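Scroll down for the structure; my scribbles are underneath it.
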Amino acid sequence: MDSKINKADDEVQKLISRKRLKSVEDRRVASEIFDKLTLESLYKLANQGHIDILNGAISTGKEANVLKGIKDDESPIAVKIYRIATSDFKKMNYYIDGDPRFNVRTKNKRQVIYAWVNKEYRNLKRLAEANVNVPEPVTTLNNILLLEFIGDKFGNASPTAKVKPPKDPESFYQKLIKEIKKFVNDGKLIHGDLSNFNILNKNETPVIIDVSQSVVLDHPLARELLKRDIETIVKEYKKLGVKTSYEELNEYIDFKR
Ligand code: ADP
Ligand code: MN
């Protein structure tokens, strides 16, 4: 599977670096992972000047690939591409249904995925405006989301807090819970899949990512998701030696609606 994805990535990279060649033939360069419409969307973003080249895979998840893009000015950008074929659109529908921002009553798989990506974009925008430490969203097109690249000055993507546990868990935790409190009370969203897998450790500062499933506070799932998020975080940071409890974090976040 991995080599397949790397191969597809190579092909997409070639495609983008030849973005001026626009014949149908070129667009049809076979990719085993990304479908033709996705390649066309990438083309469009490249032609709009958002990406110059794609420079390798950062992550291959269950539903999305995150690639590193390079802009004309050499600066990096994160390119998150939801794979149409492997996206769980039943789950997506389940979350979108209770969200007043999306009353799309569509059963078309592609439309549901596009709405899902748009939701991640809007959630990020709202969180960034609320001053939560998340990657700034840049733009979105169909199943592709472009966002601020979180990494070091050498262009290496920051690892997750799972892969690179904080050196000082207590101080990292203190920063993290401030972000979670802002997420809920200022961003007015519940993450819904919060864990060290979705927290990047950027030079010992937490950056919260992966907010596609995040829900508004009056979503029917909000309370249940917040409870689960708090439980997960408390469990993970207790394991790292932080003295905390569900009650303590719950009280600190002080979720009211
Ligand atoms: P999913 O879990 O659905 O595959 P995520 O949004 O969690 O998608 O991204 C997967 C991985 O990609 C992350 O764990 C991280 O390693 C990397 N990543 C995601 N967004 C960024 C970003 N903005 N900058 C750098 N790396 C990122
Ligand atoms: Mn994730």
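Computed over heavy atoms, backbone and side chain alike; hydrogens, waters and symmetry mates excluded. In this text, all values refer to a predicted model and were calculated from it rather than measured experimentally. Atoms within each ligand, like the ligands themselves, are counted from 1 in listed order.
Near Thr160, with a cut-off below 4.0 Å to any heavy atom, the atoms of ligand 1 are 14 (O). Atoms of ligand 1 found under 4.0 Å from any heavy atom of Asn198 (numbered from 1 in listed order, with element): 7 (O). Ligand-side atoms of ligand 1 in range of Pro135: 23 (N), range being under 4.0 angstrom from any heavy atom. Close approach to Ser59 involves these atoms of ligand 1, each under 4.0 Å from a residue heavy atom: 10 (C), 11 (C), 12 (O). Interface of Gly61 with ligand 1, defined as ligand atoms under 4.0 Å from a residue heavy atom, comprises 4 (O).
Regarding atom 9 (O) of ligand 1, its nearest protein heavy-atom neighbour is Val66 CG2, 3.6 Å. Protein heavy atom at the shortest distance from atom 24 (N) of ligand 1 is Ile150 N, 2.9 Å. Looking only at protein heavy atoms, the nearest one to atom 15 (C) of ligand 1 is Leu200 CD2, 3.9 Å. Nearest protein neighbour of atom 23 (N) of ligand 1, counting heavy atoms only, is Glu148 O, 2.8 Å. Looking only at protein heavy atoms, the nearest one to atom 13 (C) of ligand 1 is Ile209 CD1, 3.5 Å.
Among the atoms of Asn198, an N, O or S atom is found under 2.8 Å from the Mn ion (ligand 2). One of the N, O or S atoms belonging to Asp210 lies under 2.8 Å away from the Mn ion (ligand 2).
Contacts between Ile58 and ligand 1, counted as non-hydrogen atom pairs separated by less than 4.0 Å, involve the side chain only. If you look at Asp210 next to ligand 1, the close heavy atoms, those under 4.0 Å, come from the backbone and the side chain alike.
Each of Leu200, Asn196, Asn198, Asp210 was checked for a side chain to side chain contact (heavy atoms under 4.5 Å, CB included) with Thr160, and the lone residue meeting it is Leu200.
Remark: distances from the non-hydrogen atoms of Lys80 to ligand 1 include one below 4.0 Å.
Glu224 has no carboxylate O lying under 4.0 Å from a charged side-chain N of Lys227, or vice versa, which leaves the two without a salt bridge. Using a 4.0 Å cut-off between charged nitrogen and carboxylate oxygen, Lys164 and Glu204 count as a salt-bridge pair. Using a 4.0 Å cut-off between a side-chain N of Lys or Arg and a carboxylate O of Asp or Glu, Lys36 and Glu40 qualify as a salt bridge. Using a cut-off of 4.0 Å between Lys/Arg side-chain N and Asp/Glu carboxylate O, Arg126 and Asp186 are scored as not salt-bridged.
In summary, the side chains of Thr38 and Asn143 do present a donor paired with an acceptor at a separation below 3.5 Å, with no hydrogens or angles considered. Inspection of the Lys175 and Tyr173 side chains reveals no N or O donor paired with an N or O acceptor under 3.5 Å.
By the 6.0 Å and 45° rule, Lys167 does not stack over the aromatic ring of Phe172.
Here the closest non-hydrogen pair linking Asn133 and Glu179 is N-OE1, 2.7 Å. The shortest heavy-atom contact between Gly155 and Phe149 is O-CZ, 3.3 Å.
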